[in-house]
Number of protein chains: 2
Amino acid sequence: MSLEKLFANFDNYIPLNEEEREDLSKRVVERKIKRRQFILQEDDVCKHYTFVAEGCFKKFQVDQKGTEHNLQFIAENDWIMEIDSFYNEKPSRVFIEAIEPSVIFQITKPDLIELFMTNPKFNRNFRVIIENRFVELENRVLQAISSTAEERYLTFLNQYPKLSQRLPNTQIASYLGITPEFLSKIRKEISKK
Amino acid sequence: MSLEKLFANFDNYIPLNEEEREDLSKRVVERKIKRRQFILQEDDVCKHYTFVAEGCFKKFQVDQKGTEHNLQFIAENDWIMEIDSFYNEKPSRVFIEAIEPSVIFQITKPDLIELFMTNPKFNRNFRVIIENRFVELENRVLQAISSTAEERYLTFLNQYPKLSQRLPNTQIASYLGITPEFLSKIRKEISKK
DNA sequence: AAATACCCTTAAGATAGATTAAGAGTATTT
DNA sequence: AAATACTCTTAATCTATCTTAAGGGTATTT
């Protein structure tokens with residue numbers, strides 16, 4: 001069952017005991033999400049911390065010209081949050097949309113705070129979740145300021161081998177900050193070698 | 001006195017009462033840092049969370065060619081950490097170096113954990129510190145994948161008006177991910193308008 | 001099964017940004 | 001005060017990446 005995936009995810013950090021699993025399961029809501037369905041839209045306040053049990057989402061921002069820019073892909077066994085909006089109740093600047101049919105577990109802010117209060121282990125676990133994403137983001141900034149598009153693409157393939165097979169190249173190009181045409185050219189170059 | 005700046009920094013989050021200030025002051029160490037002095041070098045483990053009371057630092061990574069890439073500037077009233085290295089005791093991939101003579105306060109991991117344990121307010125405050133940096137990082141990734149160098153430069157000027165006057169353009173160029181020559185060209189374009 | 005939307009590739013021409021080199025102007029060090 | 005090391009700028013040339021346009025291939029929807 002999907003809840004098991006949520007529990008198992010914490011085994012990567014500090015595993016939960018039976019009681020803690022109970023606490024958590026009482027506070028999360030399972031949802032099935034269709035392809036192309038949004039779980040967060042621009043200007044809405046992000047009300048949930050979300051765990052992806054199955055499927056895949058993209059988090060993106062839309063510029064003045066209407067072009068989408070993918071900030072992140074989130075597949076099964078990973079967490080999505082729009083931190084600024086969630087904690088500070090600001091309108092979100094991003095959209096979060098399902099790329100595949102998905103199953104998620106969501107927890108609201110009051111419930112999360114409750115967990116933090118009653119048990120420091122949750123505090124610690126959720127801190128580690130943020131830290132991991134933090135490290136990922138710093139790596140991305142470094143790549144952005146120091147590498148060519150080809151290097152960034154190879155890093156992406158290396159870092160997300162499964163994801164890169166599930167995603168259309170248009171989406172990957174948006175994530176890398178290049179046009180699909182240029183990604184196509186890069187792929188051709190690589191295949192020559 | 002400099003310690004006051006540290007206390008005042010928490011007023012931006014959840015202010016500390018007298019007792020908490022005591023707790024904190026017993027666990028931080030004040031250091032004076034000279035220009036060009038490093039407080040973290042590549043391959044060392046980051047042992048401290050650092051608050052900058054005066055001065056300015058740069059956090060950068062060096063690539064295979066020996067080129068420096070600035071990930072972040074940290075000036076007075078801000079926090080520096082190399083999260084992955086600090087929490088997971090991994091060797092750091094970055095250097096942190098003073099650009100100006102500086103005064104800092106440092107806290108070790110055991111002391112920080114102690115604070116987290118004894119008082120949830122610290123937990124909360126340090127989580128917010130990370131969140132703020134997190135938002136900054138996401139904005140930078142977005143800019144990197146969606147904006148031209150000129151747009152990124154204008155955003156930088158706008159976001160860090162004081163910093164941009166204290167830093168040499170070579171350092172700003174490294175932060176933006178462009179060459180100093182190209183930054184010079186951009187500045188010329190802007191001044192024409 | 002046809003229609004529609006989406007996706008991938010190619011190529012020509014345009015623009016953003018890098019590289020190299022050189023010179024003048026400021027700080028810093030001796 | 002001279003010497004040295006940075007910093008900023010300019011310009012020419014080169015390379016990375018974008019834009020536009022077009023065609024063929026796959027999914028999805030009707």
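Computed from a predicted structure; not experimentally measured. Chain identifiers are assigned alphabetically (A, B, ...) following the order of the sequence lines, protein sequences preceding nucleic acid strands; residue numbering begins at 1 within each chain.
- Nucleotide D:dT28 holds its P atom 14 Å from the CD1 atom of A:Ile99, rounded to whole Å.
- In this structure, B:Ile178 atom CD1 and C:dT15 atom C1' are separated by 16 Å, rounded to whole Å.
- Comparing B:Arg35 and B:Leu183, the nucleotide of DNA chain C nearest to each residue sits closer to the 5' end for B:Leu183.
- The hydrophobic clustering, which links ILVMFWY residues whose side-chain heavy atoms are closer than 4.5 Å, places A:Ile113 and A:Phe86 apart.
- Distance B:Ile172 CD1 to D:dT9 C1': 15 Å, rounded to the nearest Å.
- Residue A:Glu189 contributes atom CD, which lies 12 Å from atom P of C:dA11 at whole-angstrom precision.
- Rounded to an integer number of Å, the gap from B:Arg152 CZ to C:dG17 P is 6 Å.
- A residue-by-residue look at B:Ala149 and B:Arg36 shows that B:Ala149 has its nearest nucleotide of DNA chain C further toward the 5' end.
- Between the side chains of B:Arg93 and A:Asn139, a donor-acceptor pair is found at a separation under 3.5 Å.
- In summary, of the residues considered (B:Arg124, B:Lys121, B:Lys26, B:Arg27), a salt bridge (Lys or Arg N to Asp or Glu O under 4.0 Å) with B:Glu20 occurs for B:Lys121 alone.
- Dashed line: the shortest gap from a side-chain N or O of B:Arg187 to OP1 or OP2 of D:dT9 is under 4.0 Å.
- Taking the six-membered ring for Trp and thresholds of 30 and 60 degrees, B:Tyr13 and B:Phe10 have ring planes more than 60 degrees apart, a perpendicular arrangement.
- For the helix from C:dT9-D:dA22 to C:dT30-D:dA1, the rotation axes defined at the first and last 5 base pairs enclose an angle of 50°, given to the nearest 10°.
- Contact annotation: B:Thr179 side-chain N/O to C:dA18 OP1/OP2 distance is under 4.0 Å.
- One atom, OH of B:Tyr153, and another, P of C:dG17, lie 15 Å apart when rounded to the nearest Å.
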Kindly indicate, with the supporting measurements, whether the criterion ring pair (Phe, Tyr, Trp, His ring centres under 6.0 Å) is fulfilled by A:Phe156 and A:Tyr175.
CA-CA 10 Å; A:Phe156 178 78; A:Tyr175 176 91; 5.2 Å; yes
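- Note: CZ (A:Arg166) to C1' (C:dC7) measures 19 Å, nearest angstrom.
- Under the 4.5 Å side-chain contact rule for hydrophobic residues, A:Leu3 and A:Ile33 share a cluster.
- Using a 4.0 Å heavy-atom criterion, one finds that A:Ser184 contacts the bases of the nucleic acid, with or without backbone contacts as well.
- Of all nucleotides listed (C:dT20, D:dT7, D:dC18), C:dT20 comes nearest to the side chain of B:Glu181.
- For B:Phe60 and B:Phe95, the gap between ring centers is short of 6.0 Å.
- Residue whose closest nucleotide on DNA chain D sits further toward the 5' end, between A:Ile186 and B:Thr170: B:Thr170.
- In this model, the phosphate group of D:dT19 is not approached by any side-chain N or O of A:Lys185 to a distance below 4.0 Å at OP1 or OP2.
- Atom CZ of B:Phe182 and atom P of D:dA11 are 15 Å apart (whole Å).
- Dashed line: the shortest gap from a side-chain N or O of B:Asn169 to OP1 or OP2 of D:dT7 is not under 4.0 Å.
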